[in-house]
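What's counted below: heavy atoms across the whole structure, side chains too, no hydrogens, waters or symmetry copies. Throughout, protein chains are lettered first and strands after them, A, B, ... in sequence-line order, and every chain is numbered starting at 1.
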2 protein chains.
Amino acid sequence: MTVDTRTALLDAAEYAARARGFDGFSYADLADSVGIRKASVHYHFATKADLCAAMMDRYGTDLGAACDQITARHQTGGARLLALIALYRDALQGGKTLCLCVALTGSRASLPDAAIEQIKAFRAMMLARLAAVFSAGQKDSTIKYVSDPASEACATLALLEGAHLTARAAENVGTFDDAVRVLKSRC
Amino acid sequence: MTVDTRTALLDAAEYAARARGFDGFSYADLADSVGIRKASVHYHFATKADLCAAMMDRYGTDLGAACDQITARHQTGGARLLALIALYRDALQGGKTLCLCVALTGSRASLPDAAIEQIKAFRAMMLARLAAVFSAGQKDSTIKYVSDPASEACATLALLEGAHLTARAAENVGTFDDAVRVLKSRC
DNA sequence: GTCTATAATAGGATAGAC
DNA sequence: GTCTATCCTATTATAGAC
């Protein structure tokens, strides 16, 4: 029972974008999801570009908050890395959805310019956080075999996003676990 | 100067699917690409599902052949792994396209059932080849720190596909290189 | 804020002439 | 094999009533 229609629309848009890509959902789908008419969706978001910007804005805020919480709750590099892996795993929703970055990158050609910049910003943020985690794990010896934290961060972001694809293709979260097994064994 | 219209259509469809996803291109786009009318495209491929099946069929054959060539040309596990990494790198076409598996997984919800099975088959093939490569690299000591070849294969496929996404998001192949640096340093 | 109605365009697909 | 013409549906978006 969502009270706020705008929030309900953002929820529906985010789920649809992550499940089907930016070209894979329409205003009609969102209207059906929240139980209003197509035209009413335009009242909240005049264009699909506006909707996209609002959706990604909220996503970036939520993602940053989730990462901050991980930093606050876990003290070692290894524990933080395991928590980040779990965060990505949860985002799969049983293999039904990808993280928004992954989903929208496939639709890159249809995205507003602003969205492409937002995706780059998300990735830059995650890379910085991952590099910090590897750096901490190297110092406190809670992550094994760390060579260069920046390189490890690039590899880990790619691994997590690729593991999302694997799990989405199979609609089976077990393949995500298979893909991150070696990484987890280093913590 | 392609002589065969059907081949030209498959080329256009594959490029479009890899650059924009399955929902991101239309028969009109293909018609424009090869210089015929929309209706004529339907002569070669009655439905988009037929086109998709033909496209993936050809892709699977080409990919298998490329992998066979790598096996024939390189003798050690390490050399074969480096060659597979280079194969994926080439598939990026400067950050303009993803590999077909990655691109279509984002459009999963719109795919014919047959296509989903084909994607799973591609992945299974690549996992088997990668596991063999890691197994060989472990025995001949040309890949360092190999624990379990099957787990390494899952992680590597995810890494390569994730590195594709990273490079596509940035439209910059350098980010692919960043993501695979740690893996390459093990060879 | 939500509705009906409507516009303008694009999508996949078919019929039948050449 | 390719064309024109057409169909039906979907899509983004707007105008104006309630």
Side-chain angles (χ1 to χ4, degrees), chain A residues 1-56 58 103-104 106-116, chain B residues 1-56 58 103-104 106-116:
Chain A
M1 315 309 169
T2 316
V3 258
D4 180 2
T5 303
R6 187 189 150 92
T7 302
L9 284 170
L10 283 176
D11 290 344
E14 185 184 318
Y15 187 89
R18 290 170 57 181
R20 295 157 36 175
F22 192 68
D23 296 319
F25 74 95
S26 69
Y27 270 44
D29 297 325
L30 304 183
D32 283 352
S33 283
V34 311
I36 58 175
R37 296 298 196 151
K38 267 199 306 179
S40 308
V41 180
H42 283 279
Y43 169 80
H44 296 279
F45 304 100
T47 68
K48 211 178 175 186
D50 293 334
L51 170 67
C52 184
M55 176 179 73
M56 296 185 75
R58 189 182 71 159
L104 293 189
S107 318
R108 192 186 196 282
S110 305
L111 298 182
D113 289 344
I116 293 174
Chain B
M1 316 313 168
T2 316
V3 258
D4 180 2
T5 303
R6 188 189 150 91
T7 303
L9 284 169
L10 283 177
D11 290 343
E14 185 184 319
Y15 188 89
R18 290 170 56 181
R20 295 155 39 173
F22 192 68
D23 296 319
F25 75 95
S26 69
Y27 270 44
D29 297 326
L30 304 183
D32 284 351
S33 284
V34 311
I36 57 175
R37 298 297 198 151
K38 260 202 312 179
S40 307
V41 180
H42 283 280
Y43 168 80
H44 296 278
F45 304 100
T47 68
K48 212 179 174 186
D50 292 334
L51 170 67
C52 184
M55 175 178 73
M56 297 186 74
R58 190 183 70 159
L104 293 190
S107 318
R108 193 186 195 282
S110 306
L111 297 182
D113 289 344
I116 292 174

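Minimum heavy-atom separation, A:Arg18 to A:Ala103: CA-CB, 3.8 Å. Pairing each heavy atom of A:Ala109 with each of B:Ala19, the nearest pair is CB-O, 4.3 Å. The two residues A:Ser110 and A:Phe22 come nearest to each other via the heavy atoms O-CE2, 3.7 Å. The two atoms that bring B:Glu14 and B:Arg58 nearest to each other are OE1-NH2, 3.2 Å, heavy atoms only. The two residues B:Arg37 and B:Ala31 make their nearest non-hydrogen contact at C-CB, 3.7 Å.
Checking the phosphate oxygens (OP1, OP2) of C:dG11, a side-chain nitrogen or oxygen of B:Ser26 falls inside 4.0 Å. Contact check, A:Thr5 against C:dG1: no side-chain N or O comes under 4.0 Å of OP1 or OP2. Contact check, B:Ser40 against D:dG1: no side-chain N or O comes under 4.0 Å of OP1 or OP2. When the side-chain nitrogen and oxygen atoms of B:His44 are compared with OP1 and OP2 of D:dT2, one or more of them lie within a distance under 4.0 Å. Here A:Tyr43 reaches the OP1 or OP2 of C:dG1: one of its side-chain N or O atoms lies under 4.0 Å away.
Following rounding to the nearest Å, B:Lys48 (NZ) and C:dT14 (C1') show an atom-to-atom distance of 18 Å. The CG-P distance, from B:Leu9 to D:dG1, rounds to 12 Å in whole Å. To the nearest angstrom, P of C:dG11 lies 9 Å from CZ of B:Arg20. Computed from coordinates, the A:Arg37 CZ to C:dT6 C1' distance equals 14 Å when rounded to whole Å. For A:Tyr27 and C:dA10, the OH to P distance is 18 Å, given to the nearest whole Å. Put simply, NE2 on A:His42 is 14 Å from C1' on C:dA5, counting in whole angstrom units. Separating the CG atom of A:Asp29 from the P atom of D:dT11 is a distance of 6 Å, rounded to the nearest angstrom.
The residue B:Phe45 sits apart from the nucleic acid: no heavy atom pair falls under 4.0 Å.
Between the base of D:dT11 and the side chain of A:Lys38 there is no donor-acceptor pair shorter than 3.5 Å.
Among C:dA5, C:dG12, C:dT2, the nucleotide with an atom closest to any side-chain atom of A:Ala39 is C:dA5.
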